[in-house]
Novice: 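The structure's right below; bear with me while I get my questions together.
Atoms considered below: every heavy atom in the structure, side chains included; atoms not considered: hydrogens, waters and symmetry mates. Letters A, B, ... are given to chains in the order of the sequence lines, protein chains preceding strands, and every chain is numbered from 1.
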2 protein chains.
Amino acid sequence: MATARRGDRRGEIVRAAFDMIGERGYPNTTLAAVAERVGLTQQGLLHYFPTKEDLLVAVLRRRDELDVSGGAVAGPAGVLEALAMLVDVNASRPGIVQTFTVLAGESVTDGHPARAYFAERYARVRALLAESLGDEVTAQLVIAALDGLQIQWLLDPEGADMRPAFDRLAELVGRGRAAE
Amino acid sequence: MATARRGDRRGEIVRAAFDMIGERGYPNTTLAAVAERVGLTQQGLLHYFPTKEDLLVAVLRRRDELDVSGGAVAGPAGVLEALAMLVDVNASRPGIVQTFTVLAGESVTDGHPARAYFAERYARVRALLAESLGDEVTAQLVIAALDGLQIQWLLDPEGADMRPAFDRLAELVGRGRAAE
DNA sequence: GTCTATATCGAGATAGAC
DNA sequence: GTCTATCTCGATATAGAC
């Protein structure tokens, strides 16, 4: 069970920051604006998170909590099915997807505060998915597809529905395995 | 033939900005820093590009010029081969890939100056690729994979080589077609 | 065409009162 | 725990001289 109680200021702040990063990007998300959204002054917020980067770290942790990271993973078919469900869940929460997409894109820049986090996270998810899918290259490809589909979908929700494209990939991966 | 002559200040500026956006992201790329790199003051630069957004537009245009956008496209096999070559070319120019990745990620934020550009561009490339690959969904998927592979590769050049993963996709797409 | 000077703004952060 | 006040910095942009 994560943070969520009366007087849970930190939780409120992190949720607000999470949303706003998705809306405006990290560099354009100001502490003052986050503070205002939760009814605080900028300095009141700094009481909880001494620096902006401290807040970003908390936001990334929240991202992990929300993640439907496949706990106990089954075989290839099971994982692809679970990921298809994740695609549907994501399609219902554009804000979260947007936050993730923006941060992941920014993270490749020099010295970005979230760079190490994303590098580690991708390596971890690749390894986890590789266990179920059989090989790491396919895992890398599937993750890439998920990320890339999100970009197109965020820019054009009607014209680039994620689910059909993911299903196509799952179908191809399934056939690929069957053919071996 | 693109811009490139003696006294081609605008070209110099755009090239510098292009590189720096890849290094630091658009919001963190300052006009003064770009100006300094080409031996100008910030105000000297503003003579050529009155606003920062004007400069961004020029950078995006340059991106298109550099693009190895498949001119005359052949059948499915031909396109996948051409794209594999594009992957190799990209692997040799991380700066350009980084600029593109950063801008594409940022572009999904509200009111980003490059949002319309990317939305239009993805729609166009999807349609173009769909002509060769047969259907739009597969085109969407292939583009997504290319984008997503770039993110992982930029964060971990050794651990997430793009080419094997793309080859795997090309193989799967090839088999998928053969099976119909 | 490029400069100096400066206006204006908004950011993150500190000090200290309540 | 939250506020007021303030510092410092760095950004875009303007005005006008050379």
Novice: Starting at the 5' end of DNA chain C, which residue's closest nucleotide do you reach first, Thr41(B) or Ala32(A)?
Specialist: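 Mapping each residue to its closest nucleotide by heavy atoms, the 5'-most match is Thr41(B).
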
Novice: May I have the distance from Glu53(B) (atom CD) to dT12(D) (atom P), rounded to whole angstrom?
Specialist: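 Taking CD of Glu53(B) and P of dT12(D), I get 13 Å after rounding.
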
Novice: Choose from dA13(C), dC3(D), dG1(C) the nucleotide whose nearest atom is closest to any side-chain atom of Lys52(A).
Specialist: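 Nearest to the side-chain atoms of Lys52(A), counting from C-beta on, is dA13(C).
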
Novice: Measure from the side-chain heavy atoms of Leu31(B) and tell me the nearest of dA15(C), dG1(C), dA13(D).
Specialist: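 Comparing dA15(C), dG1(C), dA13(D) against the side chain of Leu31(B), the answer is dA13(D).
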
Novice: Return the value, rounded to whole Å, for the distance between atom OH of Tyr26(B) and atom C1' of dT12(D).
Specialist: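 Rounded to whole Å, this separation is 10 Å.
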
Novice: For a quick test of reading the model, state the closest non-hydrogen atom pair linking Thr29(B) to Met20(B) and the distance between them.
Specialist: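 Shortest heavy-atom separation between Thr29(B) and Met20(B) comes out as OG1-O, 3.4 Å.
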
Novice: Under the side-chain hydrogen bond (donor to acceptor under 3.5 Å, both in side chains) rule, what pairs show up with a residue in residues 116-129 of chain B, not counting sequence neighbours?
Specialist: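 Only Gln152(A)-Arg126(B), Asp156(A)-Arg126(B), Asp64(B)-Tyr117(B), Asp67(B)-Arg121(B), Glu120(B)-Arg124(B), Tyr122(B)-Asp147(B) qualify under side-chain hydrogen bond (donor to acceptor under 3.5 Å, both in side chains).
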
Novice: For Gln98(A), does its backbone N or O pair with a side-chain atom of Gln150(A) as donor and acceptor, under 3.5 Å?
Specialist: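 No.
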
Novice: In whole Å, I'd like the distance from the CD atom of Gln43(B) to the C1' atom of dA7(C).
Specialist: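 Taking atom C1' of dA7(C) as the reference, CD of Gln43(B) is at 12 Å.
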
Novice: Can you identify which nucleotide, out of dT4(C), dA5(D), dA11(C), has its nearest atom closest to the Thr30(A) side chain?
Specialist: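 When the side chain of Thr30(A) is considered, dA11(C) is the closest of dT4(C), dA5(D), dA11(C).
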
Novice: Starting from C1' on dA11(D), measure out to CG on Leu55(B) and report it in whole angstrom.
Specialist: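 For the pair Leu55(B) CG and dA11(D) C1', the rounded distance is 15 Å.
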
Novice: Using ring pair (Phe, Tyr, Trp, His ring centres under 6.0 Å) as the criterion, list what pairs up with Phe118(A), not counting sequence neighbours.
Specialist: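 Phe118(A) satisfies ring pair (Phe, Tyr, Trp, His ring centres under 6.0 Å) with Phe100(A) only.
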
Novice: To the nearest Å, give me how far apart CZ (Arg9(B)) and C1' (dG1(C)) are.
Specialist: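 It works out to 9 Å between those atoms.
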
Novice: Looking at dA11(C), dA13(C), dC3(D), which one has an atom nearest to any side-chain atom of Thr51(A)?
Specialist: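 Nearest to the side-chain atoms of Thr51(A), counting from C-beta on, is dA13(C).
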
Novice: Would you indicate which nucleotide in dG1(C), dG1(D), dA5(D) comes nearest to any side-chain atom of His47(A)?
Specialist: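 My answer, after comparing the listed nucleotides, is dG1(D).
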
Novice: Of the listed nucleotides (dC3(D), dC3(C), dG12(C)), which one gets closest to any side-chain atom of Gln42(A)?
Specialist: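 Ranking dC3(D), dC3(C), dG12(C) by closest atom to the Gln42(A) side chain puts dG12(C) first.
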
Novice: Side chains of Thr138(A) and Arg168(B) only: does a donor on one sit below 3.5 Å from an acceptor on the other?
Specialist: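 A pair is found: one side chain offers a donor N or O, the other an acceptor, under 3.5 Å apart.
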
Novice: What does Leu46(A) touch in the nucleic acid at a heavy-atom separation under 4.0 angstrom: a base, only the sugar-phosphate, or nothing?
Specialist: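 The answer is base, as Leu46(A) lies within the cut-off (heavy atoms under 4.0 Å) of a base atom.
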
Novice: Please state how far atom CZ in Phe49(A) lies from atom C1' in dA13(C), giving the value in whole angstrom units.
Specialist: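 It is 16 Å, rounded to the nearest whole Å.
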
Novice: Whole Å only: how far is the CG atom of Leu45(A) from the C1' atom of dT4(D)?
Specialist: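 Rounded to the whole Å, the gap is 16 Å.
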
